[in-house]
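Only one structure is covered here, and it is reproduced in the block below.
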Amino acid sequence: MDHFVRRDGRLFAEGVPLTRIAELHGTPTYVYSEATIRTHFDRVREAFSTIETHISYSVKACPNLAICRLLQSLGAGFDVVSGGELARALEASGRGEEIVFAGVGKTDDEIRFGLRAGVFFFNVESRDELIAVSRIATETGSTARVALRLNPDVDPGTHRYITTGKRENKFGIDLVAARALAREATSLGGISIEGVHVHLGSQITDPAPYGEALDRLREPIADLRQFGHRIQWLNVGGGFGIFYRGGDAIPAESFAKVIVPRVRDLGCRLILEPGRFIVGNAGVLVTRVVRMKPSSEAGRFFVVCDAAMNDLIRPSLYGAWHAVWPVECAAASDVDLRPDEGILADVVGPICESGDFLAKDRRLPAVASGDLLAVRSVGAYGFSMSSNYNSRPRAAEVLVSGDRVRLVRRRETLDDLLGPERGLE
Ligand SMILES: *Cc1c(COP(=O)(O)O)cnc(C)c1O
């Protein structure tokens, strides 16, 4: 569900035509819809309203400060996975006690930063890390509230690059090791183990793996409690899937139905770390067609755009499918054309890699150089995974609220690109 709608042949972000945003801010530009973010945040909040729940927005999905501020104003805390994200969350909210700090390789400096900020939880992923947190907290005379991230060895049925809760993944502590650690931790100073954390992966479209994972936590939680650790919080991570194309997502209630009774049964309060579910459908990437290039195959075209894999890497990295359609188009809705209509196209960028594409084998209405295209559902892991590859300045980001257009990240300039190297050559 989103607030990008087509009226009289033009695609709008809420009350604003995307053509106007392209005129104001150029292309490629990420355009976010505030109403869509609000709607999805509310859906999670309502679905989990029957139990005390902290919603910690996963900053890495879309880290823009304006988006973080918006979510904080709606009542969200933050889930961060690096010192940089911690700095962002602090700048957006100023409140360390609403931040959970995850990540398999926190450096000593990052742990110090988290302690200084007074984060709500360190989600600790290994024995080694627990010892480091204990040492640094003791040195600095503080106490770290810790949730042990356990690896339940559950298959969430998603892409293997975004599966994180299986035994062979680098994440979390396996359930056997957790028992030994529960005992060992009783002699470690500077820490208070009050929670257990799991995060199964991303773009999960079946609630069953959550149930399976939580069932597997019963024993480790009992063990931890037996050794005197007062486990009061269960952090179930993120991973709720969204709609990319018809029928590939389920409502938040379906996840709640599986998660809430189990968390209650374990006598815990709940922390959630949704990222994609909140912002995924809330962003489009507006790009301009630079060249139309016929392929050697008759009737096929390369639609060469000014956005590329450096702006949106999901198609190249995960084989992700995003709807792509002209911003201005007579058709009432963005529906698949009949095989005899329009053109057959690979929508590509200018980067020097054959893996540089935004969409492949799409039947599109006839488009021409200069036309605008919108790539849909790129609010999550879109801009946040962008890079400067091929020395391309990164795109602008715009937040739309009703009729209001706000530039929330200016387009990078050539000075931004070259500045860090100048004077060092
Ligand atoms: C990435 C991540 C999330 C968010 O995942 P989504 O699929 O975007 O909801 C939550 N928790 C942790 C620990 C993560 O690494």
Side-chain angles (χ1 to χ4, degrees), residues 37 40-41 43-45 47-48 53-64 67-68 71 76-82 84-86 88-89 99-106 110 114 119-126 129 146-152 154 156-166 169-173 195-207 209-210 213 233-244 248-250 252 255-256 259 270-283 314 317-318 320 377-385:
I37 294 172
H40 286 90
F41 182 79
R43 284 183 180 177
V44 177
R45 185 163 47 193
F48 289 89
T53 304
H54 279 229
I55 303 176
S56 302
Y57 167 62
S58 183
V59 169
K60 74 178 187 288
C62 184
N64 186 284
I67 305 265
C68 289
L71 282 159
F78 298 104
D79 157 47
V80 303
V81 294
S82 71
E85 285 191 356
L86 177 53
R88 263 179 196 284
I99 297 170
V100 296
F101 194 177
V104 70
K106 299 178 198 77
E110 287 176 319
V119 296
F120 182 30
F121 266 108
F122 283 88
N123 294 337
V124 167
E125 303 223 12
S126 62
E129 183 187 341
V146 165
L148 292 183
R149 177 169 180 177
L150 303 183
N151 184 323
V154 164
T158 183
H159 190 283
R160 65 196 168 92
Y161 289 0
I162 51 174
T163 292
T164 54
K166 288 206 67 187
N169 302 135
K170 69 182 173 184
F171 300 99
I173 299 160
V196 164
H197 176 227
V198 282
H199 172 66
L200 304 180
S202 198
Q203 187 54 16
I204 299 170
T205 53
D206 172 9
Y210 287 90
W233 293 91
L234 199 42
N235 182 336
V236 179
F240 302 165
I242 64 164
F243 287 94
Y244 286 103
D248 61 357
I250 56 171
F255 292 105
I259 292 170
L270 176 64
I271 301 172
L272 293 174
E273 302 171 335
R276 189 190 307 268
F277 189 88
I278 308 270
V279 292
N281 290 132
R314 291 181 29 77
L317 185 61
Y318 309 126
S377 298
V378 296
Y381 309 104
F383 186 89
S384 69
M385 294 181 92

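Each ligand, and each atom within it, is numbered from 1 in the order the structure gives. Note that the structure is predicted; figures quoted are calculated from it, not measured.
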Using distance alone, decide if ligand 1 has a nitrogen or oxygen within less than 3.5 Å of any nitrogen or oxygen in Gly275.
yes

Report the relative orientation of the aromatic rings in His197 and His199; use parallel for angles under 30°, tilted for 30 to 60°, perpendicular for over 60°.
parallel

Atoms in ligand 1 with a heavy atom of Arg276 nearer than 4.0 Å
6 (P), 8 (O), 9 (O)

So, Glu125 side chain and Gly172 main chain: donor-acceptor pair closer than 3.5 Å or not?
yes

So Asp79 and Ser58, side-chain hydrogen bond (donor to acceptor under 3.5 Å, both in side chains) or not? Walk me through it.
CA-CA 5 Å; Asp79 157 47; Ser58 183; 3.1 Å; yes

Mark yes or no for whether Ser384, through its side chain, and Ala61, through its backbone, hold a donor-acceptor pair below 3.5 Å.
yes

Would you mind running through ligand 1 and noting each atom that sits below 4.0 Å from a heavy atom of Pro274?
9 (O)

Closest heavy-atom approach to atom 9 (O) of ligand 1 among Gly201, Gly239, Ala380 is made by Gly239

Side chain, backbone, both or neither: which part of Glu273 comes within less than 4.0 Å of ligand 1 when only heavy atoms are counted?
both

Determine whether a donor-acceptor pair (N or O, by modelled atom type, separation under 3.5 Å) exists between the side chain of Ser377 and the backbone of Asn281.
no

Location of contacts on Asp79 toward ligand 1, heavy atoms closer than 4.0 Å
side chain

Do ligand 1 and Ser58 have nitrogen or oxygen atoms that lie under 3.5 Å from each other?
no

Euclidean distance, Thr205 OG1 relative to Phe240 CZ, rounded to 0.5 Å
12.5 Å

Among all protein heavy atoms, pick the one closest to atom 1 (C) of ligand 1 and tell me residue, atom and distance.
Lys60 NZ, 1.3 Å

Using heavy atoms and a threshold below 4.0 Å, how should the contact between Tyr381 and ligand 1 be classified: side chain, backbone, both, or neither?
side chain

Against the six-membered ring of Phe122, is Lys106 placed for a cation-pi contact (under 6.0 Å from the centre, within 45° of the normal)?
no

Around atom 7 (O) of ligand 1, find the nearest protein heavy atom and jot down its residue, atom name and distance.
Ser202 OG, 2.3 Å

